Amino acid sequence: MIYQRVAFIGLGLIASSMAHAIRRAGLVGDMTGTARSARTRAVAAEIGLVDKVCETSAEAVRGADLVVLCVPVGAMAAVAAEIAPHLSHGATVTDVGSVKQAVIDAVTPHLPGHVHFIPGHPLAGTEHSGPESGFAELFDNRWCILTPQEGTDPGALDRLTQLWRGIGANVDLMDPPHHDLVLAVTSHTPHLIAYTMVGVADDLRRVTDSEVIKYSAAGFRDFTRIAASDPTMWRDVFLTNKDATLEILGRFTEELFALQRAIRRGDGDLLHDYFTRTRAIRRGIIEAGQDIDAPDFGRAKR
Ligand code: NAP
């Protein structure tokens with residue numbers, strides 16, 4: 001047993017996937033959980049997601065030696081303040097938020113000195129939300145980045161690392177600003193671009209009378225999947241990873257203008273060279289085992 005009791009605050013995609021994966025691996029004594037709405041708590045109880053669904057977060061964290069904050073980044077501070085007085089001595093608190101520095105700033109001031117706070121972010125997800133969207137394989141062979149602060153207890157870090165490895169993930173350590181910059185490139189800015197492209201198509205749809213939907217081709221379809229992601233989660237990502245996202249968006253805009261100019265000038269060589277370079281990145285991702293060579297980005301149909 002890596003932990004005696006794991007408590008999830010928030011019972012959405014990430015918490016439910018962790019719960020399924022933990023059960024698959026038989027890694028903990030028991031699991032508790034709570035969510036904001038009575039509806040989510042009722043669904044979680046009905047499907048037996050955790051051993052005990054609690055009405056309050058205070059009740060959920062009682063006796064837990066690991067507490068996992070699985071709420072949108074903007075809700076982390078309020079949740080930390082709520083659970084703080086009820087945390088067990090020596091417990092580890094971690095989170096799964098998509099931005100790290102903002103979560104550290106929001107959570108740390110509320111936590112008592114007798115707990116270990118080790119922020120984390122599993123690089124795995126889908127566009128689905130809620131307690132029924134989780135599945136045990138979500139983290140298999142994906143990365144989980146932990147961003148421990150100076151002075152973090154090595155034993156606590158080792159246990160949390162073992163848990164993530166036990167549920168299928170590879171673990172890496174990073175400092176929080178670096179995490180936020182890397183994720184701005186690999187996840188946050190691409191989501192914003194997808195949201196924008198689908199917004200543009202939606203405007204056009206009104207002009208073209210549904211042709212955009214009817215003849216939707218692979219490029220656009222892939223964008224719509226990303227742009228179907230949870231609006232609250234993604235609003236919070238951009239509000240809290242502002243600087244890194246703006247930096248990458250600035251670079252993106254410069255590149256876009258360069259390609260726009262090449263199209264205007266008919267500079268086929270530039271376009272061809274550019275697309276050849278980007279193709280190699282895709283090959284690298286497949287070779288690293290982070291996706292399969294399938295047109296749906298390798299996502300299983302669920
Ligand atoms: P989700 O499926 O939408 O679930 C969110 C959970 O948080 C729900 O149980 C919700 O309760 C609860 N919640 C929402 N707002 C709250 C508030 N203000 N106070 C208390 N509880 C609140 O979300 P998720 O995809 O699991 O994401 C959870 C975290 O993981 C986020 O921080 C996100 O950045 C991170 N993450 C997501 C992905 C992804 O692809 N989805 C990947 C990696 C990390 P109700 O259902 O009762 O509203």
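Atoms within a ligand are numbered from 1 in the order they appear, just like the ligands themselves. Note that the structure is a prediction, hence the values are computed from the model and not measured.
Note that Arg142 lies outside the cation-pi zone of Phe139, set by a 6.0 Å cut-off to the ring centre and a 45° limit from the axis.
A distance of 12.0 Å separates CD1 in Ile167 from CD in Glu137, rounded to the nearest 0.5 Å.
Among all protein heavy atoms, the one lying closest to atom 35 (C) of ligand 1 is Val96 O, 3.2 Å. For atom 36 (N) of ligand 1, the nearest protein heavy atom (residue, atom name, distance) is Ser98 OG, 3.4 Å. Protein heavy atom in closest approach to atom 27 (O) of ligand 1: Ile14 CG1, 4.1 Å. Annotation: atom 45 (P) of ligand 1 to nearest protein heavy atom, Thr40 OG1, 3.4 Å.
Atom 5 (C) of ligand 1 has its nearest heavy-atom neighbour, among Gly10, Ala44, Cys70, in Cys70. Residue Val71 holds the heavy atom nearest to atom 22 (C) of ligand 1 of all those in Val43, Val68, Val71.
Checked against a 3.5 angstrom limit, the closest N/O atoms of Pro122 and ligand 1 fall outside it. The shortest N or O to N or O distance between Gly97 and ligand 1 is not below 3.5 Å. Considering backbone and side-chain atoms together, Leu13 places an N or O closer than 3.5 Å to an N or O of ligand 1. Geometrically, ligand 1 and Leu11 share a nitrogen or oxygen pair separated by less than 3.5 Å. Residue contacts with ligand 1: Arg36 is placed with a nitrogen or oxygen under 3.5 Å of a nitrogen or oxygen of the ligand (distance criterion only). Taking any N or O of His128, backbone or side chain, none lies under 3.5 Å from an N or O belonging to ligand 1. Geometrically, ligand 1 and His121 share no nitrogen or oxygen pair separated by less than 3.5 Å.
Annotation: side chain of Asp51 is not in contact with side chain of Thr32 (no heavy-atom distance under 4.5 Å). Counting heavy atoms from C-beta on, the side chains of His116 and Thr152 never come closer than 4.5 Å. Here the side chains of Arg261 and Asp267 are not in contact, with every heavy-atom distance at 4.5 Å or above. Residues Val93 and Leu69 form a side-chain contact, since some pair of their non-hydrogen atoms from C-beta on lies under 4.5 Å apart.
More than 12 heavy atoms of other residues, nucleotides or ligands lie within 6.0 Å of CD in Gln149, so this atom counts as buried by the packing criterion. Within 6.0 Å of CZ in Arg251 there are 12 or fewer heavy atoms belonging to other residues, nucleotides or ligands.
Residues satisfying the ring-ring contact (aromatic ring centres under 6.0 Å, His included) test with His191, not counting sequence neighbours, are Trp234.
Heavy-atom contacts of Ala35 reach the following atoms of ligand 1: 9 (O), 11 (O), 47 (O) (cutoff under 4.0 Å). Listed by atom number, the atoms of ligand 1 under 4.0 Å from Gly130 heavy atoms are 2 (O). Every atom of ligand 1 is numbered from 1 in the order shown, and the set under 4.0 Å from a heavy atom of Gly12 is 1 (P), 2 (O), 4 (O), 9 (O), 26 (O). Short contacts between ligand 1 and Thr126, defined as distances under 4.0 Å to a heavy atom of the residue, involve ligand atoms 40 (O), 41 (N).
Residue contact check for ligand 1: Ala124 places a non-hydrogen atom closer than 4.0 Å to it. Residue contacts with ligand 1 do not include Val237, since none of its heavy atoms lies under 4.0 Å from the ligand.
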Quick one: side chains of residues 183-190, donor-acceptor pairs under 3.5 Å with protein atoms, not counting sequence neighbours, listed by atom name and distance.
residue : atom : partner : partner atom : Å
Thr186  : OG1  : Val182  : O            : 3.1
His188  : ND1  : Asn241  : ND2          : 3.0
His188  : NE2  : Ser98   : O            : 3.4
Thr189  : OG1  : Ala184  : O            : 2.7

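The closest side-chain donor-acceptor pair between Ser229 and Glu127, if any, does not fall under 3.5 angstrom.
A donor-acceptor pair under 3.5 Å is absent between the side-chain atoms of Tyr195 and the main chain of Thr224, judged by distance alone.
Put simply, atom 10 (C) of ligand 1 has no protein non-hydrogen atoms near it, under 4.0 Å away.
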